[in-house]
Protein chains: 2
Amino acid sequence: MPTMTAAQRRAAEKADYDAFLAQCPSRQLLDRLSDKWVTLAMVALDAGPQRYSQLSRTIAGVSQKMLTQTLRTLERDGLVTRTVTPSVPVTVTYELTDLGRSLQGVVELLKDWAESHMDAVLSARQEYDAALAY
Amino acid sequence: MPTMTAAQRRAAEKADYDAFLAQCPSRQLLDRLSDKWVTLAMVALDAGPQRYSQLSRTIAGVSQKMLTQTLRTLERDGLVTRTVTPSVPVTVTYELTDLGRSLQGVVELLKDWAESHMDAVLSARQEYDAALAY
DNA sequence: CGGAATCCTGCCTGATACTG
DNA sequence: CAGTATCAGGCAGGATTCCG
């Protein structure tokens with residue numbers, strides 16, 4: 001682990017995290033969580049433990065690079081577990097941790113909001129675009 | 001019209017088989033909401049109607065370009081209102097709409113999660129990094 | 001003050017090839 | 001199957017300048 005700068009140490013000792021501060025760790029965490037692949041992966045994993053190939057099928061449009069990268073950071077942050085079964089061919093299963101499940105609930109709300117307010121957003125866009133057409 | 005991106009091509013090919021994420025309209029909306037500037041702007045606006053300059057101060061690290069761009073799309077999607085007071089110099093105030101407020105609650109949870117689980121994530125990272133050091 | 005327009009760079013993303 | 005490695009490009013996003 002790299003050494004903290006004096007400024008970072010002072011900030012960490014200040015107890016409360018504030019995501020509005022650019023240098024605050026929680027801000028960087030929020031930035032990472034506010035990523036579409038993270039969101040989609042978390043939502044997909046709500047269906048239970050899944051294999052890599054199934055996730056790539058569920059999350060249509062994700063490249064293998066981004067899926068791997070996303071799952072790695074989620075694993076590193078303690079949100080998912082990665083289990084390798086040394087069969088031939090190898091089987092890798094991803095599963096939400098307790099920490100991940102606590103976040104999943106929030107992300108799920110985001111997905112639910114998107115689905116239930118689609119119409120309102122679409123009509124707002126039409127109205128906005130119509131007003132610009134002058 | 002520009003060529004399709006690889007993601008769009010892949011998504012289009014899988015469209016008919018995966019109703020969950022492939023081309024569901026809410027997928028695009030969810031992608032849009034899963035943006036760090038959107039998240040931060042929505043959270044910031046919870047404090048009430050605010051002027052452009054105040055928002056830029058609250059959301060540390062945001063460039064003028066990204067703030068404007070983010071607020072524009074939020075306005076277009078009917079999540080915020082933009083009010084111009086034709087004084088000199090001009091005053092512009094942003095405020096959440098009812099639709100925006102319904103989303104704000106969810107996004108706020110995301111920020112709260114990030115701040116309250118920061119320690120857990122940090123220790124998970126240390127553990128992960130330590131395990132890799134062999 | 002609150003932008004718009006422009007330029008420009010970095011890195012994020014995707015494609016391809018290879019591996020255990 | 002589940003990745004890693006590498007390379008190329010496109011666009012997100014920062015910096016700067018100018019304007020009502």
Side-chain angles (χ1 to χ4, degrees), chain A residues 22-23 27-28 30-41 44-45 49-76 80-95 128 132, chain B residues 1-14 22 27-28 31-41 44-45 49-76 80-95 128 132:
Chain A
Q23 68 277 20
R27 163 64 171 274
Q28 280 140 33
L30 187 59
D31 287 352
R32 280 227 37 77
L33 298 180
S34 298
D35 173 73
K36 65 174 180 175
W37 299 129
V38 169
T39 303
L40 289 166
L45 282 168
Q50 284 174 74
R51 301 181 56 178
Y52 180 90
S53 54
Q54 184 172 357
L55 283 172
S56 72
R57 261 177 273 119
T58 301
I59 309 173
V62 68
S63 67
Q64 121 276 40
K65 176 178 178 176
M66 287 318 298
L67 182 56
T68 298
Q69 186 175 304
T70 300
L71 290 170
R72 280 285 181 282
T73 57
L74 289 179
E75 184 196 4
R76 179 168 182 261
V80 306
T81 57
R82 177 173 177 271
T83 309
V84 180
T85 304
S87 53
V88 178
V90 90
T91 299
V92 181
T93 304
Y94 292 92
E95 184 175 9
Y128 182 88
L132 280 187
Chain B
M1 175 179 165
T3 21
M4 286 178 112
T5 66
Q8 287 173 328
R9 243 182 291 114
R10 245 200 314 275
E13 287 162 2
K14 294 186 178 180
R27 160 71 175 271
Q28 275 86 37
D31 287 352
R32 292 225 35 109
L33 300 180
S34 299
D35 174 73
K36 63 175 177 177
W37 299 128
V38 168
T39 303
L40 289 167
L45 282 168
Q50 283 175 75
R51 300 181 58 178
Y52 180 90
S53 53
Q54 184 171 357
L55 284 171
S56 70
R57 259 176 275 119
T58 301
I59 308 172
V62 68
S63 66
Q64 163 266 327
K65 177 179 177 178
M66 289 317 297
L67 182 56
T68 298
Q69 190 177 106
T70 301
L71 289 171
R72 280 285 182 282
T73 59
L74 290 180
E75 185 195 4
R76 180 169 181 260
V80 306
T81 57
R82 177 173 177 270
T83 308
V84 180
T85 304
S87 52
V88 178
V90 89
T91 300
V92 181
T93 305
Y94 292 91
E95 183 175 9
Y128 181 88
L132 280 188

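Below, all heavy atoms of this structure are taken into account, side chains as well, without hydrogens, waters or symmetry copies. Numbers restart at 1 for each chain; the letters A, B, ... are given by sequence-line order, proteins then strands.
Of all nucleotides listed (dC1(D), dT4(D), dG14(C)), dG14(C) comes nearest to the side chain of S63(A). Of the candidates dG2(C), dA2(D), dT4(D), the closest approach to any side-chain atom of Y52(A) belongs to dA2(D). Across dC1(D), dA2(D), dG14(C), the shortest atom-to-atom separation from the side chain of W37(A) is found for dG14(C). Taking only side-chain atoms of R51(A), from C-beta outward, the nucleotide of dA4(C), dG2(C), dA2(D) with the closest atom is dA2(D). Comparing dA2(D), dC1(C), dG14(C) by their nearest atom to the side chain of V90(B) picks out dC1(C).
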* Asked: Run the side chain to side chain contact (heavy atoms under 4.5 Å, CB included) check on R72(B) and R82(B) step by step: do they pass?
  -> CA-CA 9 Å; R72(B) 280 285 182 282; R82(B) 177 173 177 270; 3.2 Å; yes
* To do: Decide side chain to side chain contact (heavy atoms under 4.5 Å, CB included) for V62(B) and T70(B); before the verdict, give the C-alpha distance in whole Å, the side-chain angles of both, and the deciding distance to 0.1 Å.
  => CA-CA 10 Å; V62(B) 68; T70(B) 301; 6.0 Å; no
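Contact annotation: R82(A) reaches the phosphate of dG3(D) (side-chain N/O to OP1 or OP2, under 4.0 Å). Put simply, S53(A) has a side-chain N or O that comes within less than 4.0 Å of OP1 or OP2 on dA2(D). Applying the 4.0 Å criterion to OP1 and OP2 of dG2(C), one finds that R57(B) has every side-chain N and O outside that range.
Applying the side-chain hydrogen bond (donor to acceptor under 3.5 Å, both in side chains) criterion to S53(A), with sequence neighbours excluded, gives R57(A).
In this structure, R72(B) atom CZ and dA5(C) atom P are separated by 10 Å, rounded to whole Å. M66(B) places its CE atom 15 Å from the P atom of dC11(D), with the value rounded to the nearest Å. Here the C1' atom of nucleotide dA12(D) and the CG atom of D31(B) are 15 Å apart, to the nearest Å. In this structure, the OH atom of Y94(A) is 11 Å from the C1' atom of dC1(D), given to the nearest Å. Q54(A) places its CD atom 14 Å from the P atom of dG3(D), with the value rounded to the nearest Å. Atom NZ of K65(B) and atom P of dT6(C) are 12 Å apart (whole Å).
When the nearest nucleotides of DNA chain C are assigned to P89(B) and P89(A) by heavy-atom distance, the more 5′-ward of the two goes with P89(B).
Within 4.0 Å of Q64(B), counting heavy atoms only, lies at least one base atom of the nucleic acid.
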